[in-house]
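Okay, so here's the structure we're looking at.
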Amino acid sequence: MREGPDIALIGSLLGEPTRANMLMALMNGKALTAGELAREAGVTPQTASSHLAKLEAGGLLRPLKQGRHRYFALADTEVADMLESLTGLAAQKGHMRLRTGPKDPALRHARLCYNHLAGTCGVQMLESMASRGFLELDHEAVALTGKGSLFLQDLGLDVDKLKSANKVLCKTCVDWSVRRYHLGGALGRALWSHIDTFGWARRDGDTRIVMFTKQGQKNFEACFPSVSSV
């Protein structure tokens, strides 16, 4: 047996459609009950429990207790990043689901990638900030500049607190629908929180879709203008 990380184990956990559907259902950043995940995957509660136990044992899920209820969430941002990267790879290689629905364009326009903004709007936000010198972007590497810190402070974000947190401040995440990078890390999470707090957009029920209000879209465009208009 070869030494080193066992990628086959992770592959086996992801390779079962029921488990894959459960994991993707958690990419909206919410914690769901076993019953809710069973419905998302189209299986019985008993079957769901077996799959959830395997995902938890494999380190891909973490259980959360609230009173008598038990919820499940993705274990951490690394799991979310892996899922988004695999989704991008599947799209690039042409491995797409056969059926698309009316929500597909909305999913591509703006959605949550676990705890940050993705889709066309997420990519626009990253590229807009980079084009104005707020971020230094070099392929996959991204860093906040002094000019960017001032921009964030003007938005009302506590930059010092973000920098002092024991988490990665900025990182890129390959966007599966646009096939360019969007912004992740603590900064990506903080910017989504800003958008959500000020009511520019809201989640569409339990899906990953982010719906901007008419005024919210205007505010977003003013704050993060597309590169062509900068």
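In what follows, residues are counted from 1 in the order of the sequence shown.
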Over all heavy atoms of both residues, which pair between [X] and [Y] is shortest? Give the atoms and the distance, please.
{"X": "Leu32", "Y": "Ala25", "value": "CD1-O, 4.0 Å"}
{"X": "Ala73", "Y": "Leu64", "value": "CB-CD1, 4.0 Å"}
{"X": "Ala91", "Y": "Trp176", "value": "CB-O, 3.9 Å"}
{"X": "Ser226", "Y": "Gln124", "value": "N-NE2, 3.6 Å"}
{"X": "Gly59", "Y": "Val79", "value": "O-CG2, 4.2 Å"}
{"X": "Gly119", "Y": "Val178", "value": "C-CG2, 3.8 Å"}

Value rounded to 0.5 Å, distance of [atom1] in [X] from [atom2] in [Y]:
{"X": "Lys167", "Y": "Leu187", "atom1": "NZ", "atom2": "CG", "result": "13.5 Å"}
{"X": "Thr120", "Y": "His182", "atom1": "OG1", "atom2": "NE2", "result": "12.0 Å"}
{"X": "Cys223", "Y": "Leu155", "atom1": "SG", "atom2": "CG", "result": "4.5 Å"}
{"X": "His51", "Y": "Met22", "atom1": "NE2", "atom2": "CE", "result": "6.0 Å"}
{"X": "Arg202", "Y": "Asp196", "atom1": "CZ", "atom2": "CG", "result": "11.0 Å"}
{"X": "Leu60", "Y": "Leu52", "atom1": "CG", "atom2": "CG", "result": "11.5 Å"}

Salt bridge (charged side-chain N to carboxylate O under 4.0 Å, His left out) evaluation trace for Lys30 with Glu40: CA-CA 13 Å; Lys30 291 185 176 182; Glu40 287 284 344; over 6 Å; no
Pairing of Lys171 and Glu84 as salt bridge, 4.0 angstrom limit: no
Check ion pair Arg111-Asp175 (N to O, under 4.0 angstrom):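 A salt bridge links Arg111 with Asp175.
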side-chain contact (heavy atoms from CB on, under 4.5 Å) between Asn219 and Thr213, intermediate numbers included: CA-CA 10 Å; Asn219 293 340; Thr213 65; over 6 Å; no
Is a side-chain N or O of [X] found less than 3.5 angstrom from the main chain of [Y], in a donor-acceptor match?
{"X": "His116", "Y": "Cys113", "value": "yes"}
{"X": "Ser193", "Y": "Arg189", "value": "no"}
{"X": "Arg208", "Y": "Leu112", "value": "yes"}
{"X": "Ser131", "Y": "Ser128", "value": "yes"}
{"X": "Ser50", "Y": "Thr47", "value": "no"}
{"X": "Arg19", "Y": "Ser12", "value": "yes"}
{"X": "Arg180", "Y": "Val174", "value": "no"}

The single option from Leu157, Leu126, Leu117 passing side-chain contact (heavy atoms from CB on, under 4.5 Å) against Leu191: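 Answer to the side-chain contact (heavy atoms from CB on, under 4.5 Å) test with Leu191 among Leu157, Leu126, Leu117: Leu157.
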Would a hydrophobic clustering, with Ile, Leu, Val, Met, Phe, Trp and Tyr connected at side-chain separations under 4.5 Å, put [X] with [Y]?
{"X": "Tyr114", "Y": "Leu169", "answer": "no"}
{"X": "Leu183", "Y": "Phe198", "answer": "yes"}
{"X": "Met27", "Y": "Ile10", "answer": "yes"}
{"X": "Trp200", "Y": "Val123", "answer": "no"}
{"X": "Ile195", "Y": "Leu135", "answer": "yes"}

Over 12 foreign heavy atoms within 6.0 Å of CD, Gln66: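 No, CD of Gln66 has 12 or fewer neighbouring heavy atoms, counting only those of other groups under 6.0 Å.
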Stepwise side-chain contact (heavy atoms from CB on, under 4.5 Å) test for Leu74 and Leu83: CA-CA 10 Å; Leu74 296 183; Leu83 292 172; 4.1 Å; yes
pair Leu152-Met129: side-chain heavy atoms closer than 4.5 Å: yes
Leu23/Leu61 under side-chain contact (heavy atoms from CB on, under 4.5 Å): CA gap, chis, key distance, verdict: CA-CA 8 Å; Leu23 290 170; Leu61 290 184; 3.8 Å; yes
Residues Leu162, Leu144; criterion side-chain contact (heavy atoms from CB on, under 4.5 Å); working and verdict: CA-CA 11 Å; Leu162 285 173; Leu144 181 67; over 6 Å; no
Ring geometry between Phe151 and Phe134 (parallel below 30°, tilted from 30 to 60°, perpendicular above 60°): parallel
Exercise: do Arg203 and Thr207 side chains pair donor with acceptor under 3.5 Å: no
